[in-house]
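To start, the structure under review is shown below, and the notes come after it.
Whatever order the structure lists ligands and atoms in, that order sets their numbers, starting from 1. Numbering of residues begins at 1 and proceeds along the displayed sequence.
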Amino acid sequence: MRLMVKNTGYQALTVDSLPTRLGGISDIAVHIGADPSHWTVKEVGDGNLNLVFIVSGDVGTLIVKQALPYVRLVGESWPLPLYRAYYEYHALTRQAARAPGSVPAIRYFDAAQALIAMEFLEPHIILRRKLIVGERVEGLAKFLGQFCAQTAFRGSELSLASATKKADVALFAGNVEIPAITEALVFTDPYYDAEMNNHTDGLSGLVAQLRSDVELKVKVQQMLQRFASNTETLLHGDLHSGSIMSTATESRVIDPEFVQYGPMGFDIGMLCANFFMAYFSQPAHRADDLADYQSWILTVVEETCEHFDTEFKRLWNTERTGMLYPAALFEDQSHDSALACEVVLRNIWKDAWAFCGIEMHRRCLSLAHNADFEDIDDVATRASLEARNLMMAAELIHHADELKNANSVCDLARVHNSKDYL
Ligand code: SR1
Ligand code: MG
């Protein structure tokens with residue numbers, strides 16, 4: 001089913017109009033306070049797409065997120081359907097069921113207004129910001145590894161009944177324009193001089209070298225084909241460090257509006273890419289504690305991947321109720337299914353490292369760069385750190401199927417971190 005949310009009746013909220021417009025909605029008022037004239041509203045959206053309000057009152061605080069009918073980063077010249085809020089809402093409900101406690105609780109949803117009111121996370125801040133200022137988060141690797149494994153496994157036909165999963169694939173297939181952003185910005189634009197691209201001065205030689213690597217482009221297009229045509233599981237679809245909020249000890253995943261069915265290795269690969277970019281950018285953000293902090297980031301990557309494997313195997317042994325690799329073929333025949341699980345995991349990681357490299361490329365080569373590098377004012381420093389990131393990424397894409405495990409990938413990061421490519 002494709003949900004068409006027409007613009008009829010839709011109105012973007014403003015700080016001034018929000019209390020009047022939402023004050024009479026009991027599901028919202030019960031969490032903020034009955035008298036909207038006591039509400040304070042702040043617009044804090046700093047992402048690429050939406051309005052985000054923090055609304056506080058006598059009782060408490062909520063986040064109100066509203067989609068705009070265009071890409072905020074670019075403006076009204078790039079229209080974007082409001083229906084993405086509908087898919088985000090459905091993604092959040094599924095993630096809450098499959099990875100309990102991992103996402104903010106939804107308090108209210110209005111499809112026509114493309115609006116979701118949800119739990120205000122406090123004192124959480126965006127993980128990317130923590131990584132830039134050098135803060136550590138306890139339990140991060142376990143949380144992220146388990147989130148990725150639980151959503152990957154429980155959203156697939158390893159767990160779901162085929163009819164349920166296929167109906168869900170049909171529901172999310174209505175979301176066309178949002179995956180199209182990823183198909184272009186992540187998989188295509190970085191590899192030619194697309195109109196909206198930009199890269200740091202000083203990188204043009206390296207960029208030209210990457211764009212002339214035909215084998216690289218073929219590998220990336222193979223991964224795009226997998227991303228667009230493989231409906232293994234329900235993905236978050238945009239799992240970067242800006243889609244995670246953390247305190248010193250607790251984390252949540254937010255913002256799944258890029259949700260779609262896709263390959264199991266996509267989310268974990270994207271996630272690792274963002275840790276590697278945080279890692280490569282560190283020399284520009286700190287001198288004291290640099291080696292220790294960089295090594296903490298790589299430990300998070302290694303442990304996230306270990307937790308992913310451990311949780312995936314646990315689910316394999318305890319929740320394999322779908323049509324794939326049924327007990328009828330293995331355990332019921334007294335045949336161990338551990339080998340099958342290893343093979344499934346091997347394929348996930350092969351995909352993951354290629355997606356990881358592609359994400360590392362796109363954040364330096366197309367639209368929508370990340371603050372880890374963008375916050376580096378000194379252009380020459382930024383270029384030399386991005387160069388390490390770009391070169392490691394190319395190696396990941398070329399050799400994704402030869403990498404033994406996350407530890408070898410982190411070793412690769414250490415090697416590139418010591419190089420001077422410019
Ligand atoms: C035009 S949207 C650009 C990027 O912002 C989102 O967070 C996604 O990462 C997307 O690729
Ligand atoms: Mg987002």
*Do D168 and Y261 have a side chain donor and acceptor closer than 3.5 Å?*
yes
*Is the shortest distance from a Lys or Arg side-chain nitrogen in D411 or R414 to a carboxylate oxygen in the other one below 4.0 Å?*
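Salt bridge between D411 and R414, a charged N being under 4.0 Å from a carboxylate O: yes.
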*Can a salt bridge be assigned to the pair R21 and D16 using a cut-off of 4.0 Å between side-chain N and carboxylate O?*
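Between D16 and R21 there is no salt bridge, as every charged N stays at least 4.0 Å from the carboxylate O atoms.
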*Checking side-chain contact (heavy atoms from CB on, under 4.5 Å) against L127, which of V137, I132, N274 comes through?*
V137
What are the distances between nitrogen or oxygen atoms of ligand 1 and protein nitrogen or oxygen atoms, counting only those under 3.5 Å?
from, atom 1, to, atom 2, distance (Å)
ligand 1, 5 (O), N48, ND2, 2.6
ligand 1, 7 (O), D238, OD2, 2.7
ligand 1, 9 (O), D238, OD1, 2.7
ligand 1, 9 (O), D238, OD2, 3.2
ligand 1, 9 (O), R362, NH2, 3.0
ligand 1, 9 (O), R363, NH2, 3.1
ligand 1, 11 (O), R362, NH1, 2.8
ligand 1, 11 (O), R362, NH2, 3.4

*Is the shortest heavy-atom distance from the side chain of R362 to the side chain of D189 under 4.5 Å?*
no
*asked:* Less than 6.0 angstrom separating the ring centers of F373 and H369, yes or no?
replied: no
*Considering only N, O or S atoms, which atom of D255 is nearest to the Mg ion (ligand 2)?*
OD2
